[in-house]
Amino acid sequence: MDPLLDELAAELRDVSPRTARIPMRSTVVDGSLDGTELDASYWTRNLRGRVRFLEATVDVAQEAETTFVEISPHPLLVHAVRDTLEDARLPGHATGSLLRGEPERETLLNALGTVYGTGADIDWSRLYGSGRCVPLPAYPWQRESHWLEDLGALPEFHDFPLDPGSPFLMNTPAGAPLVVHGPVFTEVARLAAARTAGADELCLTDVEIKDALTVPPGETPLLRVGITRGTTDRSREFEVAHRPGGSGPWRSLCCGTVTLVTGDRPTAGEPVERTMSRCTEHLDAETFHHRFVRTEECFRVVEEVWLGQGEVIARLRRPPRLPAHPDHPVHPVLLAAAAQPALALLPDASYVAEGAGRVTVTGPQTDVMWSRCRLGDAAAPDRLHLDVTLLDAAGGVVLEATGLRMSRRPDAADEEDRMDKTVRADRGADRGQEPAPAARRATQPGIELTGDLRLTDPASGLLVELHGSLRVSRDSAGPEAAAHTAPAVGEPVRSHPASAPEPPPATTAPDEVPPGQAASPESARGARSTAGAQPAAAPRERPIAEQVSEHVAAVLRMPVDRLDVNRPLDRLGMDSLMAAELRKRLEKNLGVRMAPNKLVRGTATADLVRECEAHTTA
């Protein structure tokens, strides 16, 4: 362009600009111009200088919402203006004036209509001249009716935002992830139906729980309950739904039928004392929550638990800081706690609720209540039926849930298989290969004593104390092998005279006695004197029983002295993930590889000790 500058300046030397009537924003210089600056030098700079199109467009759009009209034979800059406004996040519009090859008047009128559609003021008198406005004739309605005849068929919706003030969240610590499931769904459905019917005497039947709702910290989910007409005048259908992210389609979480009931409240059945007479295993609150709940709670409601064969009963106490709620005859925190004792009846933690046959909440709550949970006949190997009854202090029913359907998660078996493969892969990476499985020794016949034992010989004054498990058996491999098959699990055997205030530093217990024979005072005294006469022996490896007990206690997060070595691991709270951790510990420290299901189904710590001994001595 440089060769053209002098010629262009010479041709435009006689141009005499004047003041413009319309404000002008130049793309050659910054700021606005009044028109007098448009001389020959301005146009030479326009040809050779930088075009300030971006700055000019943004400055005009920042002053007010603007409609840009490109005056040209064909639009070239309309898209550039629109892109500039979008990038700068500024309001505005852009359109052309003429189109190449199109009728000019028609194109201009279309462009004028586009400008009018953006909300700009148009001086129509410049187009049509003077005149007056007249009303247009009304549209002739065809009078076709589209009204809904039956208004009762329309669904009635009730919204329940789960914000920090919701009674459904009072037991969830601040900042903790929220999991909303069965008890919350059934209670919001009952409350929505009560508002629709104007009555509280309701029962929920054929409840289907489709999915749980997991909410990250900081979010406030909304549960919407839709109530529609049922098959009878006294019944309604309900559906609990949630909209992920607050937009998009609603996702159904729970559905069923709610019916208006009349008559007396459900009877309690047998007294609490009779149920407790069958449930002989007692757990305090700390032990129960550690073994079975293991989740953070603001209120600990379950106070004591008595466990029996296929049933459990627990005493619940309303925390003083948990006030009554006018919309709930039983507070949602207490409703959720009523089902907690049932966790002790489940084989493992992989079972989830998928529905209920009937749920009735009558209330009112009391400060002390009793939860009774019973297992029904199993519908299938991986399905359980459960009944839950919540009683007030006088034994009256305040909640009754029958036919609760529990099913094992479909991925539970795959999870165990994945854990097994993970352990084998980790072990192979550590050792470079997978060792051949060790041969297992058959359990020898004999006698096994468990618990706290105290054996006294009056003739010799010898006292033997044992806490844990002692096994006495015959073994064809001789006394040394018999000692390996009879581990004492728990605290070591202590032998000392009954009259002595402190036990002597004896380290050897009396020889094992075959079944049917008694130890003589002479042999007991001989064993004690021999122990005292022997020189100090070299330190021995820690007993297998002690090592296994420590690993089990560490995985269960409990002190080793509180570990019941004869109680099945699943009854102590061992789930599939904890079993995987224990398998890794036993394999890494003892070289013993266990099957995944052996650690969660009926196996006790004493059984693990015997199997580990059999592997290490094979």
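Note: hydrogens, waters and symmetry copies are ignored here, and every other heavy atom, side chains too, is used.
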Verify the neighbour count for atom CG of D87: are there more than 12 heavy atoms of other residues, nucleotides or ligands below 6.0 Å? yes

Which pair of non-hydrogen atoms, one from A199 and one from L260, has the smallest distance, and what is that distance? CB-CD1, 3.7 Å

Donor-acceptor under 3.5 Å (T196 side chain, A194 main chain): no

Does V225 form a side-chain contact (heavy atoms from CB on, under 4.5 Å) with E239? I'd like the steps, not just the answer. CA-CA 6 Å; V225 182; E239 182 179 38; over 6 Å; no

Do D39 and V15 make a side-chain contact, defined as non-hydrogen atoms from C-beta onward lying under 4.5 Å apart? no

Go through the side-chain N and O atoms of E237 and T257 and say whether any donor and acceptor fall under 3.5 Å apart. yes

Using side-chain heavy atoms (C-beta onward) and a distance below 4.5 Å, is C203 in contact with T205? yes

Atom CG in L384, atom CZ in R408: separation rounded to 0.5 Å? 10.5 Å

Between CZ of R236 and CZ of R229, what distance do you get to the nearest 0.5 Å? 7.0 Å

Starting at OG1 of T19, measure out to CG of L38 and round the result to the nearest 0.5 Å. 11.0 Å

Around R358, counting heavy atoms of other residues, nucleotides and ligands shown, do more than 12 lie under 6.0 Å from its CZ? no

Intermediate values then yes/no, side-chain contact (heavy atoms from CB on, under 4.5 Å), L222 and W250: CA-CA 10 Å; L222 175 69; W250 290 88; 4.0 Å; yes

Quick check against the 3.5 Å criterion: does E37 have a side-chain atom that pairs as donor or acceptor with the backbone of G35? yes

Summary of ring pair (Phe, Tyr, Trp, His ring centres under 6.0 Å) pairs that have at least one residue in residues 40-92, sequence neighbours excluded: none

Regarding E55 and R50, does a basic nitrogen lie under 4.0 Å from an acidic carboxylate oxygen? yes

How far apart are the C-alpha atoms of R45 and L47, what are their side-chain angles, what is the distance that settles it, and do they pass the side-chain contact (heavy atoms from CB on, under 4.5 Å) test? CA-CA 5 Å; R45 282 183 292 166; L47 180 65; over 6 Å; no

Taking R13 for its side chain and A10 for its backbone only, find out whether a donor-acceptor pair lies under 3.5 Å. yes

Keeping the roles fixed (side chain from R557, backbone from V555), state whether a donor-acceptor pair exists under 3.5 Å. yes

Result for side-chain contact (heavy atoms from CB on, under 4.5 Å) between L399 and one of L390, T360, L334 points to L390

Find the distance between CZ (R234) and CG (L202) and round it off to the nearest 0.5 Å. 10.0 Å

Here the pair of heavy atoms bringing C298 nearest to M170 is CB-O, 3.5 Å

In Å and rounded to the nearest 0.5 Å, what is the CE to CZ distance from M24 to R21? 14.5 Å

Under 4.5 Å between any side-chain heavy atoms of R132 and V134, yes or no? yes

Atom of V78, atom of G96 and distance for their closest heavy-atom approach: CG2-N, 3.7 Å

Could you tell me whether D159 atom CG has more than 12 heavy atoms of other residues or ligands within 6.0 Å of it? yes

Heavy-atom distance under 4.5 Å between the side chains of L213 and V179, does that happen here? no

Apply side chain to side chain donor-acceptor pair (under 3.5 Å) to S235 and T259, showing your working. CA-CA 4 Å; S235 67; T259 306; 5.3 Å; no

Do you know which two heavy atoms are closest between A337 and V302, and how far apart they sit? O-CG2, 4.1 Å

Any donor-acceptor N/O pair, S371 side chain to A338 backbone, under 3.5 Å: yes

Short question: side chain of R82, backbone of A94 - any donor-acceptor pair under 3.5 Å? yes

Do the side-chain N and O atoms of H328 and E187 include a donor-acceptor pair separated by under 3.5 angstrom? yes

May I ask you to check whether T118 and T67 show a side-chain donor-acceptor distance below 3.5 Å? yes

Which heavy-atom pair separates V330 from G363 by the least distance, and what is that distance? CG2-CA, 4.0 Å

E156 side-chain N/O to T228 backbone N/O, donor-acceptor pair under 3.5 Å: no

Is it true that D211 and R251 have a side-chain N and a carboxylate O under 4.0 angstrom from each other? yes

Just do the side-chain contact (heavy atoms from CB on, under 4.5 Å) check on C254 and V207 with the steps written out, would you? CA-CA 7 Å; C254 178; V207 179; 3.7 Å; yes

Is T95 reaching over with its side chain to a backbone N or O of V69, donor-acceptor style, under 3.5 angstrom? no

Polar side-chain atom of H290 near backbone of L556 as donor-acceptor pair, under 3.5 Å: yes

Given 3.5 Å as the limit, does a donor-acceptor pair link the side chain of R105 with the main chain of L109, or not? no

Mind checking whether F168 and H325 have ring centres under 6.0 Å apart? no

Give the minimum heavy-atom separation between E104 and L98, together with the two atoms involved. O-CD2, 3.8 Å

Got a sec, which pairs hit ring pair (Phe, Tyr, Trp, His ring centres under 6.0 Å) with one end in residues 80-120, sequence neighbours left out? Y116-W124

Would you say the side chains of T44 and S41 form a donor-acceptor pair under 3.5 Å? no

Rounded to the nearest 0.5 Å, how far does CD of E286 lie from CZ of R291? 11.5 Å

